[in-house]
Amino acid sequence: MADQDVDVVIVGAGFSGLYLLHRMRELGVSTRVLEAADDVGGTWYWNRYPGARCDIPTTDYTLSFDPALETEWTWSEKYATQPEILRYAQFIATKYGLYSGIDFVTRVEQATWDDAAKRWQVRTDRGETITCKTYVMATGCLSVPKVPDIEGHDRFRGEVYFTSRWPHEGVDFTGKRVAVIGTGSSAIQSIPLIAAQAAQLTVFQRTPNFSIPAYNGPAHEERLARIAEDAATYRAEAKLSGGGVPGEPTTLSARAISEDERRARFEEMWAKGGLDMLGCFNDVLVSDEANEILCELIREKIRATVNDPETAESLCPKDHPFGTKRPCVDTNYYATYNLPHVRLVDLRKSPITTITETGIDTTAESLEFDAVVFATGFDAMTGAIVGVDITGREGRTLKDEWAHGPTTYLGVTTVGFPNLFMITGPGSPSVLSNMAVSIEQHVDWVTGAIAHLRDQGWATMEPTETAQQQWGVHVNDCANITLYPVANSWYMGANVPGKPRMFLPYVGGVGPYRLICDEVVEKGWLGFRISGPNGETCNDGKIRELMPDVGMVLQMMATLELPPIESMSADHAREFMAASSAMRPTGPAVGEIVDGTFPAADGSPLAYRLYRPASEGPHPVVVYFHGGGWVLGDHESDDPFCRDLCVRSNAVIISCNYRHAPEARFPAAVHDGMAALGWVADHAEELGGIPGRLAVAGWSAGANIAAVAAQLARDAGGPALVGQLLLTPVTDLGMGTQSYVDNGEGYVLTAALMRWFADHYIDEADRADPLASPLLADDLSGLPPATIITCQFDPLRDEGTAYARALAEAGNEVRHISARGHTHTSLTMVDMIISGAPHREQMGEALRGFFDAMVSR
Ligand SMILES: Cc1cc2nc3c(=O)[nH]c(=O)nc-3n(C[C@H](O)[C@H](O)[C@H](O)COP(=O)(O)OP(=O)(O)OC[C@H]3O[C@@H](n4cnc5c(N)ncnc54)[C@H](O)[C@@H]3O)c2cc1C
């Protein structure tokens with residue numbers, strides 16, 4: 001029997017719970033908030049250690065739902081202290097009359113879905129049961145302290161403190177010998193202040209973290225001015241930004257600028273201080289090389305600040321790229337180690353063996369203390385959610401469902417748990433963002449969902465497996481194009497023994513995330529099963545199947561509103577393509593590049609560009625044909641891709657031109673392809689190649705030429721080829737496959753553009769000729785081993801797949817690589833489409849494999 005029945009139960013009275021309660025009241029639904037603490041504030045209630053502050057400027061760490069808040073509350077500092085932020089939470093709770101809706105000192109222990117009643121039963125530690133239609137976990141990402149995994153952690157008989165459960169009356173360390181265990185954000189904020197009081201301070205460090213000076217002071221004048229002038233625009237910009245703070249991302253790449261320019265940029269950012277350092281260069285979080293450049297610049301600052309070289313070296317992080325663990329923002333942290341009574345114990349050199357009744361033993365020494373401070377972090381993102389015993393449909397428990405890592409749709413909902421919402425759950429931007437902005441967005445979205453159910457008379461809402469599975473894939477795809485997964489961070493769950501390793505937050509940015517959530521609603525609650533007394537509705541489907549970087553490039557292109565190529569003349573299209581190519585990254589350095597000519601099938605000279613690896617030759621040789629629909633491009637036009645192939649395959653790549661349409665129509669190009677093969681085979685030695693070790697490769701129309709040339713070479717009895725690498729090949733000019741329907745528009749190579757290419761190249765009547773459509777050849781046997789790459793969002797996907805199948809059926813060795821989330825053009829975009837790198841590696845590996853197999857035969 002329930003003690004109370006309400007529409008909505010919210011767990012937690014931090015900013016999330018407070019704002020949600022306010023929205024529920026506006027909606028007119030009955031709501032209870034249950035909170036373990038005896039006041040509001042969440043994070044800012046619990047974390048009262050000395051020096052506790054936000055690390056996002058407080059002008060931005062602000063709720064914006066009511067314009068009145070912009071004028072009625074003023075922050076005193078750039079990074080406000082915990083007491084001030086707590087007062088802000090209390091101010092909000094008072095202003096909107098929220099205290100009356102909250103049960104304090106009430107911990108939720110259990111929540112069970114009653115499928116017959118379509119309600120949650122929520123049980124508290126007061127023995128009370130509350131039933132509700134909607135159950136919201138506003139329990140915070142960083143609200144469950146991690147139990148220290150140190151032998152004897154509960155043995156110490158002196159004073160023991162946890163930064164995240166600091167005594168409300170404060171602590172006086174005057175004259176005491178203090179140990180601080182941990183060097184994460186809370187430790188780094190508190191150490192200088194503890195050092196100012198203690199007689200002796202010893203810091204035990206397992207892993208050093210990067211910390212950037214805060215240069216705290218009065219609130220940002222420029223930001224205050226912008227907010228005063230037009231708060232709505234300022235906040236709107238934050239909502240569509242990457243991290244929830246307005247600002248233009250830099251275009252400076254650490255790899256592309258000079259040493260002097262890098263230093264100048266770094267010094268400028270160091271002087272600014274704070275987390276803006278994450279945006280020092282545009283490639284910090286995606287390139288090892290760029291990241292290491294920045295790491296070393298920061299390490300130089302540490303070494304220049306800390307007098308003792310050994311301590312300085314111990315404080316220099318070397319085990320993770322900058323930013324992949326949350327960087328800290330400090331006031332005098334590194335300089336504190338210059339004080340005579342402060343000492344760093346590097347646990348990598350001498351680990352703690354045990355905590356004793358009187359102190360701490362390491363492998364090197366026994367130390368005595370009066371007080372031990374644990375700054376050992378949190379069971380982040382999932383700790384508070386699985387901390388409640390939650391049972392959903394058919395008795396499934398959230399703990400079991402998430403045993404191998406959390407699975408969510410949008411980070412807000414999860415399959416099997418109807419009407420359960422999480423604010424800033426795993427799979428949402430949460431801790432990678434200014435959480436004030438993320439919290440407001442989540443709360444607004446959840447409010448929309450609750451209103452929808454109520455207004456339409458629906459009883460339940462739950463994501464589908466398909467939608468949830470794809471969201472997990474998308475979250476991983478985003479993480480995998482960054483360096484984040486490299487670090488053993490709490491973002492990865494790596495700080496909690498036994499916790500599954502996976503990247504927990506959504507790294508795609510708060511702006512893109514917001515647009516996704518809005519799109520889900522616009523598409524009729526895409527990916528949700530919604531049911532009620534009168535039936536069920538489900539617009540099942542997937543959101544964001546494109547690789548994130550591919551999606552970004554497409555979006556950028558869409559904003560340029562470029563004219564379609566098929567609206568241009570061939571010459572104009574060529575100029576247009578050359579101009580676009582001039583703006584792309586150059587690709588990796590190779591050993592040598594040589595330009596030359598060879599005779600076309602009609603004897604006229606055709607250009608080639610040879611890419612030689614840096615390793616000692618001679619090398620195997622790959623004859624490569626560029627893409628461009630037989631109309632566009634030349635021997636240089638796939639330059640970055642050819643460099644990349646050369647480096648990855650350790651083979652000479654010779655990009656051979658061919659005559660283009662409409663000036664030279666079918667079959668000129670394929671005859672030139674054959675001429676190129678013959679000429680390279682005959683001149684292998686003088687080109688630095690190993691005679692007889694020859695493969696053919698191509699992309700798109702170039703792959704069509706490569707495939708046809710492989711068939712012609714077979715029929716002519718040579719040159720002998722050890723393999724063919726076909727990237728998104730044209731194999732059938734019938735152009736009637738399903739992939740033309742699925743992907744005919746919106747993915748750069750459109751169905752209309754393919755028709756334009758084909759019309760320039762070949763008469764309708766000739767299109768079934770195997771020299772144009774190699775898939776239609778009568779005999780596909782006896783061909784060299786093939787690696788064929790098809791892309792999910794390519795009109796040519798199905799014919800590439802069909803060619804791979806047909807070659808295999810004819811008894812050839814075939815490897816078919818299906819590139820999920822990619823388009824016809826994305827895999828060749830070296831250094832732009834990072835998600836294509838694993839496939840580019842597969843292509844290099846395929847070429848190496850052709851040659852290795854030949855040697856072993
Ligand atoms: C030291 C520190 C500094 C931070 N600095 C920043 C910053 O600068 N910028 C930023 O964006 N973010 C920062 N964060 C993240 C911060 O957690 C969020 O910004 C925000 O305060 C979270 O609000 P919330 O309401 O979602 O969760 P919380 O504030 O964590 O509140 C959750 C509440 O739920 C309660 N609760 C949990 N489980 C139960 C249960 N079973 N029963 C009852 N009650 C329960 C908790 O007691 C808590 O009060 C910081 C976090 C920490 C720990």
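Every heavy atom of this structure was used, including side-chain atoms; hydrogens, water molecules and symmetry mates were not. All ligand and atom numbering here is 1-based and tracks the order in the structure.
Here the heavy atom of the protein found nearest to atom 7 (C) of ligand 1 is Asp55 OD1, 3.3 Å. For atom 16 (C) of ligand 1, the closest non-hydrogen atom of the protein is Thr43 OG1, 3.4 Å. At the shortest separation from atom 47 (O) of ligand 1 among protein heavy atoms lies Glu35 OE2, 2.7 Å. Annotation: atom 3 (C) of ligand 1 to nearest protein heavy atom, Trp44 CH2, 3.5 Å. When only non-hydrogen protein atoms are considered, atom 45 (C) of ligand 1 lies nearest to Val11 CG1, 3.9 Å. In this structure, atom 44 (N) of ligand 1 lies nearest to the protein heavy atom Ala36 N, 3.1 Å. Of all protein heavy atoms, the one lying nearest to atom 9 (N) of ligand 1 is Ile56 CG1, 3.2 Å. Closest to atom 23 (O) of ligand 1 among all protein heavy atoms lies Ile439 CD1, 3.6 Å.
Counting heavy atoms closer than 4.0 Å to ligand 1, residue Leu34 contributes backbone atoms (N, CA, C, O) but none from C-beta onward. Of all the heavy atoms of Tyr49, the ones lying under 4.0 Å from any atom of ligand 1 belong exclusively to the side chain. Counting heavy atoms under 4.0 Å from ligand 1, residue Ser164 does not touch it at all. Residue Thr139 touches ligand 1 through backbone and side chain together, judged by heavy-atom distances below 4.0 Å. Contact annotation for Ser433 and ligand 1: only backbone heavy atoms (N, CA, C, O) come within less than 4.0 Å of the ligand. Proximity of Trp46 to ligand 1, defined as any heavy-atom pair under 4.0 Å, is confined to the side chain (atoms from C-beta onward).
At least one N or O atom of Ser16 sits closer than 3.5 Å to an N or O atom of ligand 1. Considering backbone and side-chain atoms alike, Ser143 places every N or O at 3.5 Å or more from each N or O of ligand 1. Polar contact check, Arg326 against ligand 1: no nitrogen or oxygen pair lies under 3.5 Å apart. Looking at ligand 1, you won't find any N or O of Cys141 less than 3.5 Å from one of its N or O atoms. Taking distance alone, with nitrogen or oxygen atoms compared against 3.5 Å, Phe15 approaches ligand 1 more closely than that limit. An N or O contact shorter than 3.5 Å links Tyr61 to ligand 1 by distance. Residue contacts with ligand 1: Gly17 is placed with no nitrogen or oxygen under 3.5 Å of a nitrogen or oxygen of the ligand (distance criterion only). The shortest N or O to N or O distance between Met435 and ligand 1 is below 3.5 Å.
A heavy-atom separation below 4.0 Å is not found between Ile423 and ligand 1. For the ligand labelled ligand 1, residue Val431 lies outside the 4.0 Å heavy-atom shell.
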- Message: Would Lys239 and Asp444 count as a salt bridge (Lys or Arg N to Asp or Glu O under 4.0 Å) here? Give the steps.
- Response: CA-CA 12 Å; Lys239 287 172 186 175; Asp444 290 341; 5.8 Å; no

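To the nearest 0.5 Å, the span separating OG1 on Thr131 from CG on Asp7 amounts to 10.0 Å.
Within a 6.0 Å sphere centred on CD of Gln110, other residues, nucleotides and ligands contribute more than 12 heavy atoms.
A salt bridge does not link Asp3 with Arg126: none of the charged nitrogens is closer than 4.0 Å to a carboxylate oxygen. Remark: Glu237 engages Arg226 in a salt bridge, criterion side-chain N to carboxylate O under 4.0 Å.
A cation-pi arrangement is present between Arg48 and Tyr45 under the rule of less than 6.0 angstrom and at most 45 degrees off the ring axis.
Near Val388, meaning under 4.0 Å from any of its heavy atoms, are these atoms of ligand 1: 41 (N).
Between Tyr61 and Tyr88, the distance from one ring center to the other does not fall under 6.0 angstrom.
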